[in-house]
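Chain identifiers are assigned alphabetically (A, B, ...) following the order of the sequence lines, protein sequences preceding nucleic acid strands; residue numbering begins at 1 within each chain.
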Protein chains: 2
Amino acid sequence: MILLDGKKVAGEIKAEIAGEVARLVASGRRTPQLVAALVGNDGASETYVSHKEKACRDVGFQSQIIRLPADVSEADLLTLVMELNADDTVDGFIVQLPLPAHIDEHRIIEAIDPKKDVDGFHPVNVGRMTLGLPTFVSATPAGIVDLLAHYRVETSGKHCVVIGRSHIVGRPVANLLSQKARPGNCTVTLCHSHTQNLKALCLQADIIIAAIGSPGFLKGDMVRRGAVVIDVGTTRVPANTKSGFRLAGDVRFDEVAPRCSYITPVPGGVGPMTIVSLLRNTWKAYRG
Amino acid sequence: MILLDGKKVAGEIKAEIAGEVARLVASGRRTPQLVAALVGNDGASETYVSHKEKACRDVGFQSQIIRLPADVSEADLLTLVMELNADDTVDGFIVQLPLPAHIDEHRIIEAIDPKKDVDGFHPVNVGRMTLGLPTFVSATPAGIVDLLAHYRVETSGKHCVVIGRSHIVGRPVANLLSQKARPGNCTVTLCHSHTQNLKALCLQADIIIAAIGSPGFLKGDMVRRGAVVIDVGTTRVPANTKSGFRLAGDVRFDEVAPRCSYITPVPGGVGPMTIVSLLRNTWKAYRG
């Protein structure tokens, strides 16, 4: 069993980007900048945004967190989006989700200039990804594909079972891995809450991507020997740690890992790759 | 075995639209208009466009075919697109594909105002479809879903195997049927030229959608008893008919039909539903 060490790979990619940024800045050019808008003070969102900010610092990007109160109006948030669209010093920006219920997420996302939409959530970027055109692919699916590519995991002709059809992980990774591309050319089965016989489907899979956010959902007896398992779950569960919680994956690692050819750990697998994908998208936005 | 009679259902939907258009025009309002731009004189494209024009006449829409020579420049075609975008009497328009090799199809499609893109090919409309948002769904996938809905074919929790990952049929219908919607909530497996064990996958399917354009590809021994089979194939094969050809589906109807609970014929199945979907999209564009 080989561990798909996202932390290590992400570190290597960050070092590469940092090198390029340093050369750029030394040549007198403007520093790339990623801005994150954070509404309210959800604990998980705070953590994600601060990880993103730290990653920016690590590679030499400028970054900025713009904090708005939980009761900010949709109109005020739209105004901020327009300002960021117009600001030439901002290469890419994200509006951290989820947003409070009184704000229409789709309206906000569709207001973002697709050329600065480094989260890849704007419909035009989702559409380009679905069509196999160059675009900003959203961070988690892009990170998964990069991790498979880094370890040269064969995907062509393999049966990939994706569990979970979320807009940010399951559906886009299903669309990516079934494209005529490398990595790609998988036969993909997209499973979700209405799926019957999930276990039987998983047992046919060469590659399983678990992205439902249900700790320990994928058990050892659902995975055939030699399978590749990607665990996207990062659910916070109470634990005796400094933060008071730990991150739990969707996969029972102890049971599943011995059966696998490759498997991602949680933490240290998909998570770090996700953040690096955001950096890569920002870098791409900067270069235009 | 029940025949999914697309011709009959399409006729009913057309009659409904015709009634609404007649009421509208009687009340003094402008007639809806669909325009088709046709480059060159490919035989199949001529046929498709003339079918669309006839369908428009049937429901009382205005329609117009704008013919351009095969050597039209990309710039001139873009100019036409801009004119159609700006023309308030045009509710929707299509640029019939394929285009000659010297024209970048994606550039043309992305120039179409998404609000007039009744083919649903613009990335923003593809993205909205992928995200499960209201949009113009492209005609063939929309027609398939409407046909399933009309016959109240249960899709929730069913395993749907889609053969073919084209941008205009396979991939969008896979995305549609896996949405949390009715019809929808299928577990979808998207298969293509790199798929291994296609027969074994088909034999697990409750619903098979064959969309590869390979006459007679799906044989009787690939379909389990009680399955629903949708045949999207419409390949022209030489025949002793007035036109010199006949339309051949991807399914060996004689072998497969006796095993099915529901099956579409070719012709008269998905084809007529496709044209009606285009009318529906135009109607939707008109109402805004």
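- At most 12 heavy atoms of other shown residues, nucleotides or ligands fall within 6.0 angstrom of atom CZ in B:Arg107.
- Residues A:Ser178 and B:Arg171 form a side-chain contact, since some pair of their non-hydrogen atoms from C-beta on lies under 4.5 Å apart.
- For the pair A:His159 and B:Asn197, the minimum side-chain heavy-atom distance is 4.5 Å or more.
- Considering B:Thr187, B:Asn185, B:Asn175 in turn, B:Asn185 is the only one that fulfils the side-chain hydrogen bond (donor to acceptor under 3.5 Å, both in side chains) rule with A:Arg165.
- Shown here is A:Lys284, whose NZ atom has more than 12 heavy atoms of other residues, nucleotides or ligands within 6.0 Å.
- Using a 4.5 Å cut-off between heavy atoms, B:Lys180 contacts chain A through both its backbone and its side chain.
- Interface check for chain A: of the options B:Gln196, B:His192, B:Lys158, B:Gln204, the most heavy-atom pairs under 4.5 Å are formed by B:His192.
- In this structure the side chain of B:Glu110 reaches within 4.5 angstrom of the side chain of A:Leu133, judged on heavy atoms.
- Formation of a donor-acceptor pair under 3.5 Å by the B:His167 side chain with backbone atoms of A:Leu131 is found in this model.
- The number of heavy-atom neighbours closer than 6.0 Å to CZ of A:Arg287, taken from other residues, nucleotides and ligands shown, is above 12.
- Here A:Leu190 contributes atom CG and B:Leu190 contributes atom CG; the two are 10.0 Å apart, rounded to the nearest 0.5 Å.
- Using a 4.5 Å cut-off between heavy atoms, B:Cys160 does not touch chain A at all.
- The greatest number of non-hydrogen atom pairs below 4.5 Å with chain A, out of B:Cys186, B:Ser193, B:Pro172, B:Pro114, is found for B:Cys186.
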